[in-house]
Amino acid sequence: MAYWLMKSEPDVYSIDDLKKDRLEPWDCIRNYQARNMMRDDMRIGDEVFFYHSNCAEPGIVGIMTVASKPYADPTQFDRKSKYYDPKSSPEKPRWQLVDVRFKRKLKRNISLRELKSHPGLSDFILNRRGNRLSIMPVSPDYWELILGME
DNA sequence: GCCAACGTTGGC
DNA sequence: GCCAACGTTGGC
């Protein structure tokens, strides 16, 4: 089993939204690296940190699990959607996603500030300058270390 | 294949 | 709102 971290802006979709919905397609990802991880590397049952980005206190706020195999993101075919992709077609879909299932909220927000200041996490991808990847792998060691900060 | 222009992400 | 750091696009 592998571990991941996925970002979402809480104004768009928050951990509380997922808690309410329980299951949600992680749609609208339009970055090849992020897509490739969902398409090629994720397995049902993998655990994922839910990260709030672009907000007052960015940080890790909950845990979810991968709940489906990869499939075509329906928003790419929706002409009215901001995420419509004219170069994609149902026969040859360009963008893939997985469903995620709510597991639990963390007891508290583990903020980016805290993650950055932890000496054991200096190599963590999230902490790299200019990192903009919205989906990233988390090693089992880092997963345990971060959970221990809860 | 190079690279300038442009668009987006996301911390601050 | 600013802007650094990326990713993507498209002309050549």
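Quantities reported herein were computed from a predicted structural model and do not represent experimental measurements. In the text below, chain A, chain B and the rest are named by the order of the sequence lines, each starting its count at 1.
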Distance check needed: dG11(B) P versus Glu57(A) CD, whole Å only. 11 Å

With nearest nucleotide decided by heavy atoms, which residue, Lys87(A) or Asn31(A), maps closer to the 5′ end of DNA chain C? Asn31(A)

Which pairs pass salt bridge (charged side-chain N to carboxylate O under 4.0 Å, His left out) with one or both residues in residues 8-27 of chain A, sequence neighbours excluded? Asp16(A)-Lys105(A)

Met6(A) CE to dT9(B) P, in whole Å, measures 15 Å

All heavy atoms of Tyr83(A) vs all of Cys28(A), minimum pair found to be CD1-SG, 3.4 Å

dG11(B), OP1 or OP2 - any side-chain N/O from Tyr51(A) closer than 4.0 Å? yes

Set of residues satisfying ring-ring contact (aromatic ring centres under 6.0 Å, His included) with respect to Phe77(A), sequence neighbours excluded: none

Return the residues of residues 107-116 of chain A meeting this criterion: a heavy atom under 4.0 Å from some atom of DNA chain B. Order them by number, or give none. Leu112(A), Lys116(A)

For dT9(B), take OP1 and OP2 only and decide whether either is under 4.0 Å from a side-chain N or O of Lys7(A). no

Starting at CG of Asn54(A) and ending at P of dC2(C), how long is that distance when rounded to a whole Å? 15 Å

Checking Glu114(A) now: which residues fulfil salt bridge (charged side-chain N to carboxylate O under 4.0 Å, His left out) with it, not counting sequence neighbours? Arg108(A)

Inter- and intrachain pairs under salt bridge (charged side-chain N to carboxylate O under 4.0 Å, His left out), touching residues 34-45 of chain A, at least two apart: none

Tell me, which pairs form a salt bridge (charged side-chain N to carboxylate O under 4.0 Å, His left out) where one or both residues lie in residues 52-66 of chain A, sequence neighbours left out? Glu57(A)-Arg113(A)

Figure out the CZ/P separation between Phe124(A) and dG11(B), and round it to whole Å. 13 Å

Between NE2 of His52(A) and P of dC12(B) the distance, given in whole Å, is 17 Å

Taking only residues at least two apart or on different chains, which pairs with a member in residues 9-60 of chain A satisfy ring-ring contact (aromatic ring centres under 6.0 Å, His included)? Trp26(A)-Phe50(A), Tyr32(A)-Trp95(A), Phe49(A)-Trp143(A), Phe50(A)-His52(A)

Distances for protein N/O vs nucleotides 4-8 of chain B N/O pairs under 3.5 angstrom?
unit_1	atom_1	unit_2	atom_2	d
dT8(B)	O2	Arg132(A)	NH2	2.9

Rounding to an integer number of Å, can you tell me how far Asn127(A) CG sits from dG11(B) P? 11 Å

Whole angstrom is fine here: how far is it from CG in Leu133(A) over to P in dG11(B)? 13 Å

May I have all residue pairs that pass salt bridge (charged side-chain N to carboxylate O under 4.0 Å, His left out) and include part of residues 66-92 of chain A, sequence neighbours excluded? Arg30(A)-Asp73(A), Asp85(A)-Arg94(A)

So, Asp123(A) and Tyr142(A): side-chain donor and acceptor under 3.5 Å apart, yes or no? no

